[in-house]
Amino acid sequence: MKKLSVWATIITFALLIMIIGCSGEGDKDKKDMPAEGMVHISPSSLFDGETKKLEPHLGLTSGAVKVQYEGPRHMMIVMYEIWENGTLKQKSEGLGYSIEKGGFDGEFSVSLREEDKEKKSYAMTTVFSKKDGYASSVTSIPGYKSAAGSSPRPLQQVINVSDKEEIPVWGWVAGKGSEVSDFSEPFEEMAKKVEWALLLKIHMKEE
């Protein structure tokens with residue numbers, strides 16, 4: 001009986017060690033996982049006041065938003081989507097910006113200028129900026145083929161969202177349906193209703 005009691009004690013002790021060890025590894029995994037941060041985005045403009053009327057004379061279509069972020073992610077990137085007849089045709093990553101410890105407090109802006117009238121392509125300049133500097137990139141993107149008009153769709157309201165999300169911040173629509181699209185509806189819903197659309201999103205990455 002004593003031997004059985006001793007073996008029972010040993011087995012029980014071993015099981016406790018295994019349980020504690022597994023629990024410790026689980027806690028370690030949780031600590032290694034980045035905590036969730038929040039992104040605060042509000043409407044802005046590349047051209048304000050009297051300068052706004054200069055925009056069409058410069059051959060530009062532009063937009064901007066204010067971005068504030070506090071969280072564990074170390075990289076902020078631009079993602080752009082091209083939609084045709086309600087279907088997503090292209091999704092690509094663009095400009096990346098390294099986030100310093102403490103977060104980001106600045107702006108994201110975009111401007112587009114026609115670069116090839118025959119091919120209907122546009123030079124898209126994207127910029128992350130704050131008081132002590134900026135990062136920019138120029139990307140060539142395919143434009144819309146329709147002869148119909150186009151118009152930008154800026155952000156209409158302040159949004160607060162998790163840094164795990166891809167955050168739509170600006171759109172540009174053209175062709176059929178663009179003249180009646182609702183400025184207040186979500187960007188993806190807008191893109192599904194028009195002949196052509198460009199959507200820009202901001203996404204936070206771990207590195």
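Values reported hereafter were calculated over all heavy atoms of this structure, with side chains retained and with hydrogens, waters and symmetry mates removed.
Residues satisfying the side-chain hydrogen bond (donor to acceptor under 3.5 Å, both in side chains) criterion with S44, sequence neighbours excluded, are E107. When the side-chain hydrogen bond (donor to acceptor under 3.5 Å, both in side chains) test is applied to S98, no partner is found at least two apart in sequence or on another chain. The ring-ring contact (aromatic ring centres under 6.0 Å, His included) test applied to F104 returns Y97, not counting sequence neighbours. In this view, Q157 and I159 satisfy the side chain to side chain contact (heavy atoms under 4.5 Å, CB included) rule, not counting sequence neighbours. Taking T139 as the reference, nothing meets the side-chain hydrogen bond (donor to acceptor under 3.5 Å, both in side chains) condition, with sequence neighbours excluded. Partners of V158 by side chain to side chain contact (heavy atoms under 4.5 Å, CB included), not counting sequence neighbours, listed by chain and number: H40, S42, P43, N160. For F187, the ring-ring contact (aromatic ring centres under 6.0 Å, His included) test picks out no residue, with sequence neighbours left out. With sequence neighbours left out, L46 forms a side chain to side chain contact (heavy atoms under 4.5 Å, CB included) with S62, S109, S111.
Two residues are said to be in side-chain contact when any heavy atoms from C-beta on lie closer than 4.5 Å; S150 and T61 fail this criterion. Using a 4.5 Å heavy-atom cutoff, the side chains of I41 and L155 are in contact. Side-chain contact between L112 and L60 is absent, with no heavy atoms from C-beta onward closer than 4.5 Å. Annotation: side chain of Y80 is not in contact with side chain of L199 (no heavy-atom distance under 4.5 Å).
In this structure, E70 places its CD atom where only 12 or fewer heavy-atom neighbours from other residues, nucleotides or ligands lie under 6.0 Å away.
Pairs of residues two or more places apart, or lying in two chains, that qualify as salt bridge (charged side-chain N to carboxylate O under 4.0 Å, His left out) and include a residue from residues 125-144 are E100-K130. Under the salt bridge (charged side-chain N to carboxylate O under 4.0 Å, His left out) criterion, the residue pairs touching residues 74-99 are E81-K91, E81-K201, K91-E166, E93-K205, with sequence neighbours excluded.
At distances below 3.5 Å, not a single donor-acceptor pair connects side-chain atoms of E188 with backbone N or O atoms of P186.
Ring-plane geometry between W196 and Y144 is classed as tilted, the angle between the planes lying from 30 to 60 degrees on a 0 to 90 degree scale.
Here V127 is tied into one hydrophobic group with Y134, each link being a pair of ILVMFWY side chains closer than 4.5 Å.
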